[in-house]
Asker: 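Have a look at this one before I ask anything.
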Amino acid sequence: MPETGVLFEREDVTPYECDGLSAYRQPPMVVALPENEAQVCEILETCHAMRVPVVARGAGTGLSGGALPLGNGVLLSLARLNNILAVDPLARTARVQPGVRNLAISEAAAPHGLYYAPDPSSQIACSIGGNVAENSGGVHCLKYGLTVHNILKLRVATIEGEIIELGGGGLDAAGYDLLALMTGSEGLLGVVTEITVKLLPRPESAQVVLAAFDDVGAAGQAVANVIAAGIIPAGMEMMDQPATLAVEPFVNAGYPTDAAGILLCESDGTREEVADETARIEKIMQDSGAHLVRVSRDEAERLKLWAGRKAAFPAVGRLSPDYYCMDGTIPRRRLAEVLRGIAAMEKKYALRCANVFHAGDGNLHPLILYDANDADQLQRAELFGAEILRLCIDVGGTITGEHGVGVEKIDSMCLQFGAAELETFHALKHAFDEHGLLNPGKAVPTLHRCAEFGRMHVHSGHEKFPELPRF
Amino acid sequence: MDTLIQQFADTIRAAAENRRPLRICGGGSKSFYGNPATGEDFGVTGYRGIVDYEPTELVITARAGTPLAEIESTMREQGQMLGFEPPHFDGGATLGGCIAAGLSGPRRAAAGAARDFVLGLRLLDGRGTDLRFGGQVMKNVAGYDMSRLVTGSLGTLGLILEVSLKALPLPPAELTLACEMPRGEAIEMMNALAGQPLPVTATCHVEKRLYLRLAGAETAVKAAAKKIGGETMPNAAEFWRNVRDHRDLFFSGDGPVWRLSLTSTAPEIDLPGHQLVEWGGALRWLKTDAGAESVRKAAHKAGGHATLFRRGRHDTGAFHPLPEALMQLHRRVKQAMDPAGIFNRGRLYPEW
Ligand SMILES: Cc1cc2nc3c(=O)[nH]c(=O)nc-3n(C[C@H](O)[C@H](O)[C@H](O)COP(=O)(O)OP(=O)(O)OC[C@H]3O[C@@H](n4cnc5c(N)ncnc54)[C@H](O)[C@@H]3O)c2cc1C
């Protein structure tokens, strides 16, 4: 390793002390900045030999503390592995290093009329390696899938410092689907050193329909009606009134701020498809009781309507010193109920909450407003968040749709899974990383921790764990 | 149904204790696929029935013994389908076998594979423990993605009990174009079309003819057909069903059939025999007398792997050999799920 690739002075390692979830901070013992795969392997081999834990880091935009360093460990930054190695326009693939920014892939593919579909809102900053580790989604994933649906092959460095290849040049590979298993494993199973992604042809055209509702339940029903009509929109987003009120003065997207909730529903494809689908969506919105329906007339208007949604987080951020972004997924039919539950929690915890929602796939992003300088507010925000996650589980959903568990939701994992499932996760982790050196303490809680936390999930009420195992 | 699960779990526990392997038997429609497994037959089709189907949630949950045909017809009534167009082969396919084999049909390149549609599953592991992973929601990244790991593992990691799958709407219009074209040119054309925003949902080249299926809004399908050209094929649904289930003439006979999964742009495979191309060039079916070694080498060179799909007279393993480090990892994953090694021993790789 070149000298500039190893940092250990306090002021040099401090920039790495947290990811996008800044409530948790811990400077690492050492930061390693390898420049190529061989160096990644050497670092891992050394750490393995010395039994030093390693936390991989991409761009550090993660929202669940997945890249939170360890005080006695190495923070392995993949930022310098940032080359696009090849774009194959005919096969529609790109081979890239993990530190490449998500958006940079689409930019490199653009001259060929192609793009990389998963588009997390953080796409100008987040790395593709981080996307793989979190199985990130975006506004368009109902139609185009998550990261796992859009990658073909990974090169992964094991904790022993060996390279394995998962997936392949074709659409499947021999043996177990370890490509899928690795995706979303939050840096606990291996370090991704190279990714071959699928590229898609840019849709010929796109149009967005804005629909405003007096009642969020009616908006939720409109979403179901669109799906029932056999339409899979390219994107279907919902914002509640607190969110539109925050966004509108900031972006002037043209959102009606008197509505209880708005939907943005996008159609893309060939010109004929889009014309046909947009007309149907417009009609469904009207029939579902929208008091205002507007269709983007040109690309400028479409982008403006989206600009509001894309700026939702920063706009909410202006309302309050801090916000806490949650990420539960629920069956859509329970939407109104969950939003009512969240409204009740606002009163209980005396904190405001704006809701931004990937409505098409049921992924909620409640944004809890608080002030981190006030310890009590921070604590209330965390309790508020945990209660939202509990509600998501209770209605048949999950504690994380796309941001991962990290350190943030580790206790909520005890609610979502039983001891047997958690044990399976540990057994699997052990198959990849016998000594537990890769990102320890993240994503999967120990049973001991769950016991301390005092709760285990009980499946459908009849499977009990009267004696919680304590190690 | 709970007593049935109890019975399954008891059988598994007894087998694990005595290290007596079990051969999980679903509908038997894919019994030819993979390597022969050793052990006692373990019939599981009694655990059947659709548990939950919410068309507007785009999710269907069913027990593993449910016939695939029943699931598909229920979905069709609601204007929906399984997006990966799973093969039924001789017709008796069950949901459990479909997910365990993880095979996808003609729509694969356009819509995704079996594993892409699996949202969650429930299974009994090699200790007989009842486990649930994933769920019924579209996006879920809590815990490792066990559901996708189990998909395609040929029953070697556990007994699948229930599966939740994402549903897709049936396209309002569908049309198949056909034209005469040499294979090399057809592969190029498949790739070129996939790079354009066209509603192509299946491609096939067999016997010097290229077939392209378009699906979507009526207007879009018509416009695309006009742009691409070629004659409209009558009885196209039957054609695609035959390709999917290997009832096309190409698949007749008792000889070996190889399945080569390759980079879609790979040139024609230079081996004697017959070929059928699907998935925009990424899947090549090969009937050849060439030796296993040379087929595997050709597949590797083309960026992929070769499966001996129908054995013929070969006695080589069905699946492409794995590099040593990866094979070790496979063994450890198997160990984690099935420590006594009782499930479908030898089916995936003969050694375990
Ligand atoms: C404003 C904002 C908006 C966001 N919007 C979205 C959104 O719409 N959808 C969405 O899904 N997410 C979103 N996110 C979350 C975040 O951007 C994603 O999780 C992203 O994939 C993280 O990438 P990263 O490079 O920043 O990873 P990091 O934060 O650096 O790391 C994330 C995790 O991945 C691991 N990791 C990183 N690189 C590797 C590697 N090469 N090999 C193995 N493990 C690795 C880390 O150990 C860590 O556990 C948003 C975040 C912000 C701040």
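Below, chain A is the first sequence line, B the second, and so on; all start at residue 1.
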Asker: If you count heavy-atom pairs under 4.5 Å with chain B, which of A:Asn135, A:Ile330, A:Leu428 comes out on top?
Answerer: A:Leu428
Asker: Write down the atom of A:Leu114, the atom of B:Gly195, and the distance for their closest heavy-atom approach.
Answerer: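 Looking at all heavy atoms of both residues, the closest pair is CD2-O, 4.1 Å.
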Asker: Which region of A:Arg271, side chain (C-beta onward) or backbone (N, CA, C, O), has a non-hydrogen atom less than 4.5 Å from a non-hydrogen atom of chain B, or is it both or neither?
Answerer: neither
Asker: Quick one: of A:Pro203, A:Ala224, A:Gly167, who has the most non-hydrogen atom pairs under 4.5 Å with chain B?
Answerer: A:Ala224
Asker: Select one option (side chain, backbone, both, neither) describing which atoms of B:Leu58 are under 4.5 Å from chain A's heavy atoms.
Answerer: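 When you check distances to chain A, atoms from both the backbone and side chain of B:Leu58 fall under 4.5 Å.
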Asker: Could you tell me which of B:Pro339, B:Gly134, B:Pro169 has the largest number of non-hydrogen atom pairs under 4.5 Å with chain A?
Answerer: B:Pro169
Asker: Counting heavy-atom pairs closer than 4.5 Å to chain B, which one of A:Pro89, A:Gly168, A:Gly175, A:Gly360 comes out on top?
Answerer: A:Gly175
Asker: At a 4.5 Å cut-off on heavy atoms, which part of B:His320 comes close to chain A: side chain, backbone, both, or neither?
Answerer: both
Asker: If you count heavy-atom pairs under 4.5 Å between each of B:Leu283, B:Thr265, B:Asn140, B:Thr263 and chain A, which one has the most?
Answerer: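 Top option by heavy-atom pairs under 4.5 Å: B:Asn140.
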Asker: Which bit of A:His358 is near chain B, if near means a heavy-atom gap under 4.5 Å: side chain, backbone, both or neither?
Answerer: side chain
Asker: Quick check on B:Thr307 against chain A: is it the side chain, the backbone, both or neither that has a heavy atom closer than 4.5 Å?
Answerer: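 For B:Thr307, neither part sits under 4.5 Å from chain A.
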Asker: If you count heavy-atom pairs within less than 4.5 Å of chain A, which of B:Ala194, B:Gly216, B:Ala113 leads?
Answerer: B:Ala194
Asker: Grab the two heavy atoms, one from B:Asn191 and one from A:Ala91, that are nearest each other, plus how far apart they are.
Answerer: OD1-CA, 4.4 Å
Asker: Of the backbone (N, CA, C, O) and the side chain (C-beta and beyond), which part of B:Pro55 lies under 4.5 Å from a heavy atom of chain A, both, or neither?
Answerer: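 It is the backbone, since no side chain atom gets that close.
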Asker: Any idea which heavy atoms bring A:Ile399 and B:Ala142 closest together, and the distance?
Answerer: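 Closest approach of A:Ile399 to B:Ala142, heavy atoms only: CG1-CB, 4.0 Å.
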Asker: Tell me, for A:Glu162 versus chain B, whether the close heavy atoms (under 4.5 Å) come from the side chain, the backbone, both or neither.
Answerer: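 For A:Glu162, side-chain heavy atoms alone lie under 4.5 Å from chain B.
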Asker: What part of A:Lys429 gets closer than 4.5 Å to chain B, counting heavy atoms only: side chain, backbone, both or neither?
Answerer: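 Backbone plus side chain of A:Lys429, per the 4.5 Å heavy-atom cut-off to chain B.
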Asker: Verify, without hydrogens or angle tests, whether A:Arg333 (side chain) and B:Glu54 (backbone) share a donor-acceptor contact under 3.5 angstrom.
Answerer: no
Asker: Between A:Asp361, A:Thr158, A:Thr183, which has the largest tally of heavy atom pairs under 4.5 Å with chain B?
Answerer: A:Asp361
Asker: Would you indicate whether B:His300, at its atom NE2, is surrounded by more than 12 heavy atoms from other residues, nucleotides or ligands within a distance under 6.0 Å?
Answerer: no
Asker: Return yes when atom CD of B:Glu218 has more than 12 non-hydrogen atoms of other residues, nucleotides or ligands closer than 6.0 Å, and no otherwise.
Answerer: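 Open: at most 12 neighbouring heavy atoms sit under 6.0 Å from CD of B:Glu218.
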Asker: Which atoms form the tightest heavy-atom contact between A:Gly404 and B:Val141, and what is the distance?
Answerer: N-CG2, 3.6 Å
Asker: Under 4.5 Å from any heavy atom of chain B, what part of A:Glu134 do you find: side chain, backbone, both or neither?
Answerer: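 For A:Glu134, backbone heavy atoms alone lie under 4.5 Å from chain B.
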Asker: Hey, are the side chains of A:Glu165 and B:Pro323 touching, using non-hydrogen atoms and a 4.5 Å cut-off?
Answerer: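 Result no, sub-4.5 Å side-chain heavy-atom pair not found.
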Asker: Enumerate by number any residue of residues 325-333 of chain B whose heavy atoms lie under 4.5 Å from heavy atoms of chain A; in the absence of such residues, state 'none'.
Answerer: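 Against chain A, the residues of residues 325-333 of chain B that fall inside the cut-off (heavy atoms, under 4.5 Å) are B:Ala325, B:Leu326, B:Leu329, B:His330, B:Arg332, B:Val333.
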Asker: Answer with side chain, backbone, both or neither: which region of B:Ala224 has an atom nearer than 4.5 Å to a non-hydrogen atom of chain A?
Answerer: neither
Asker: Pick from A:Ala427, A:Gly230, A:Gly401: which one has the most heavy-atom pairs with chain B under 4.5 Å?
Answerer: A:Gly401
Asker: Please list, in residue-number order, every residue in residues 139-150 of chain A that has a heavy atom less than 4.5 Å from any heavy atom of chain B; write 'none' if there are none.
Answerer: A:Cys141, A:Leu142, A:Leu146, A:Val148, A:His149
Asker: Taking side chain as everything from C-beta outward and backbone as N, CA, C, O, which of these in A:Arg92 sits under 4.5 Å from a heavy atom of chain B? Side chain, backbone, both or neither.
Answerer: side chain
Asker: Looking at A:Thr93, A:Leu90, A:Leu166, which has the largest count of heavy-atom pairs under 4.5 Å with chain B?
Answerer: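 The answer is A:Leu90.
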Asker: Of the backbone (N, CA, C, O) and the side chain (C-beta and beyond), which part of B:Glu57 lies under 4.5 Å from a heavy atom of chain A, both, or neither?
Answerer: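 Contact with chain A is through both the backbone and side chain of B:Glu57.
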Asker: If you compare all heavy atoms of A:Val405 against all heavy atoms of B:Gly143, which two are closest, and at what distance to 0.1 Å?
Answerer: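 Result for this residue pair: CG2-N, 4.3 Å.
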Asker: Considering only heavy atoms and a distance below 4.5 Å, find which of B:Gln196, B:Met138, B:Arg115 pairs most often with chain A.
Answerer: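 Greatest number of close heavy-atom pairs with chain A: B:Arg115.
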Asker: Looking at A:Ala180 and B:Arg148, what are the two nearest heavy atoms and their distance?
Answerer: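 For A:Ala180 versus B:Arg148, the nearest heavy atoms are CB-CB, 3.6 Å.
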Asker: Does the A:Glu421 side chain pair with the main chain of B:Arg132, one donor and one acceptor, at a distance under 3.5 Å?
Answerer: yes
Asker: Under a 4.5 Å cut-off applied to non-hydrogen side-chain atoms, are A:Thr270 and B:Lys227 in contact?
Answerer: no
Asker: With rounding to the nearest 0.5 angstrom, report the OG to CG distance, B:Ser104 to A:Leu171.
Answerer: 9.0 Å
Asker: Quick check on side-chain hydrogen bond (donor to acceptor under 3.5 Å, both in side chains): which of A:Thr329, A:Asn363, A:Thr398 does B:Lys139 satisfy it with?
Answerer: A:Asn363
Asker: Identify which part of B:Ala109 has an atom lying under 4.5 Å from any heavy atom of chain A, answering side chain, backbone, both or neither.
Answerer: both
Asker: Is it the side chain or the backbone of B:Lys166 that comes within 4.5 Å of chain A heavy atoms, both, or neither?
Answerer: side chain
Asker: Pick from B:Leu149, B:Thr129, B:Val59, B:Thr156: which one has the most heavy-atom pairs with chain A under 4.5 Å?
Answerer: B:Leu149
Asker: Sort B:Arg259 into side chain, backbone, both or neither according to what part of it lies under 4.5 angstrom from a heavy atom of chain A.
Answerer: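 When you check distances to chain A, only side chain atoms of B:Arg259 fall under 4.5 Å.
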Asker: If we ignore angles and hydrogens, is there a donor and acceptor under 3.5 Å between the side chains of A:Thr424 and B:Tyr144?
Answerer: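 Their side chains do not contain a donor-acceptor pair, so the 3.5 Å distance test is not met.
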Asker: Checking heavy atoms, do the side chain of A:Leu152, its backbone, both or neither come under 4.5 Å from chain B?
Answerer: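 Nothing of A:Leu152, per the 4.5 Å heavy-atom cut-off to chain B.
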